[in-house]
Amino acid sequence: MPKVIETLLPGCLVFEAFSAGDARGSFCKPFSSSWGSSFGSFAAKEFFYSTSARGVLRGMHLQTGNAAHAKIVFCIEGEILDVVLDLRQNAGFGASKACRLSASNRLAILVPPGLAHGFLTLSESATVGYLVTTPHDPTQDTGVRWNSFGFAWPPVGTVSSRDANLPELDDFPPQPETHIP
Ligand SMILES: Cc1cn([C@H]2C[C@H](O)[C@@H](COP(=O)(O)OP(=O)(O)O[C@H]3O[C@H](C)C(=O)[C@H](O)[C@H]3O)O2)c(=O)[nH]c1=O
């Protein structure tokens, strides 16, 4: 069972991935279905990863409707400032929190449905891996513009045109609370 370091927002856990090292190098396991109750019924349906240069910001993204999913996010190489934004229809709507994920700290984050997720690349390059609990649905893949919810980002470099044109927080509909599919 991994050690939970911090709860950033309700249901959003930062935890230590299992890791081991020896003369050959290192080994890291950011998820196991044997971890059970702390992680609900996290049944990964897709794995993907991205590589970004320093200053690249990706996000804030989430899938909605019946494609809403939970994510486990971890940094395979480099370091990122990982940010979550609560879009659930509750008192926490609009709350955002951050944590540093890196290949060296081996922290991972469980992002429940209803939270938008994004990150800023802090190292020369960063490779970020994702496990998600529903397949990608481009018709339900949306998000909130990175500079519309009052988060104090460090200096930002490259943002995609899609991300630069995401809706502002004030224009985003609160999401129903759902369990991890
Ligand atoms: C996410 C995804 C994307 N794509 C396609 C769509 C585009 O043609 C291309 C790049 O997609 P996008 O620009 O959305 O990639 P990122 O900006 O890295 O998005 C991710 O980064 C943020 C921080 C997240 O939290 C999300 O999980 C995820 O949206 O891959 C797929 O084919 N399948 C997928 O699951």
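For ligands, and for the atoms within them, numbers begin at 1 and follow the listed sequence.
For the 3.5 Å distance criterion, the side chains of Ser123 and Arg54 fail to qualify, holding no donor opposite an acceptor. Defined by atom type and a distance below 3.5 Å, a donor-acceptor pair is present between the side-chain atoms of His69 and Thr134.
A distance of 6.0 Å or more separates the ring centres of Phe119 and Trp146. Between Phe42 and Phe31, the distance separating the two ring centers is shorter than 6.0 angstrom.
Atom 23 (C) of ligand 1 has Tyr130 OH, 3.4 Å as its closest protein atom, hydrogens excluded (heavy atom only). Closest to atom 28 (C) of ligand 1 among all protein heavy atoms lies His61 ND1, 3.6 Å. Considering only non-hydrogen protein atoms, atom 26 (C) of ligand 1 sits nearest to Lys71 NZ, 3.7 Å. Protein heavy atom nearest atom 15 (O) of ligand 1, with residue, atom name and distance: Arg58 NH1, 4.0 Å.
For atom 35 (O) of ligand 1, a protein heavy-atom neighbour is found at a distance under 4.0 Å. There is no protein heavy atom closer than 4.0 angstrom to atom 9 (C) of ligand 1. For atom 31 (C) of ligand 1, the nearest protein heavy atom lies under 4.0 Å away. Proximity of atom 2 (C) of ligand 1 to the protein is indicated by at least one non-hydrogen atom lying closer than 4.0 angstrom.
Of all the heavy atoms in Cys12 and Leu115, the pair that sits closest is CB-CD2, 3.8 Å.
Around atom NE2 of His179, no more than 12 heavy atoms belonging to other residues, nucleotides or ligands sit under 6.0 Å away.
At least one donor-acceptor pair closer than 3.5 Å links the side chain of Glu46 to the backbone N or O of His136. Counting only distance, with no hydrogens or angles, the side chain of Ser26 and the backbone of Gly21 share no donor-acceptor pair below 3.5 Å.
The distance criterion of under 3.5 Å between nitrogen or oxygen atoms is met by Arg162 with respect to ligand 1. For a threshold of 3.5 Å applied to N or O pairs, the pair formed by Asp141 and ligand 1 contains no separation below that value.
Looking at Met60 against ligand 1, nothing comes within 4.0 Å, counting heavy atoms.
Closest to atom 4 (N) of ligand 1 by heavy atom, among His136, His69, His117, is His136.
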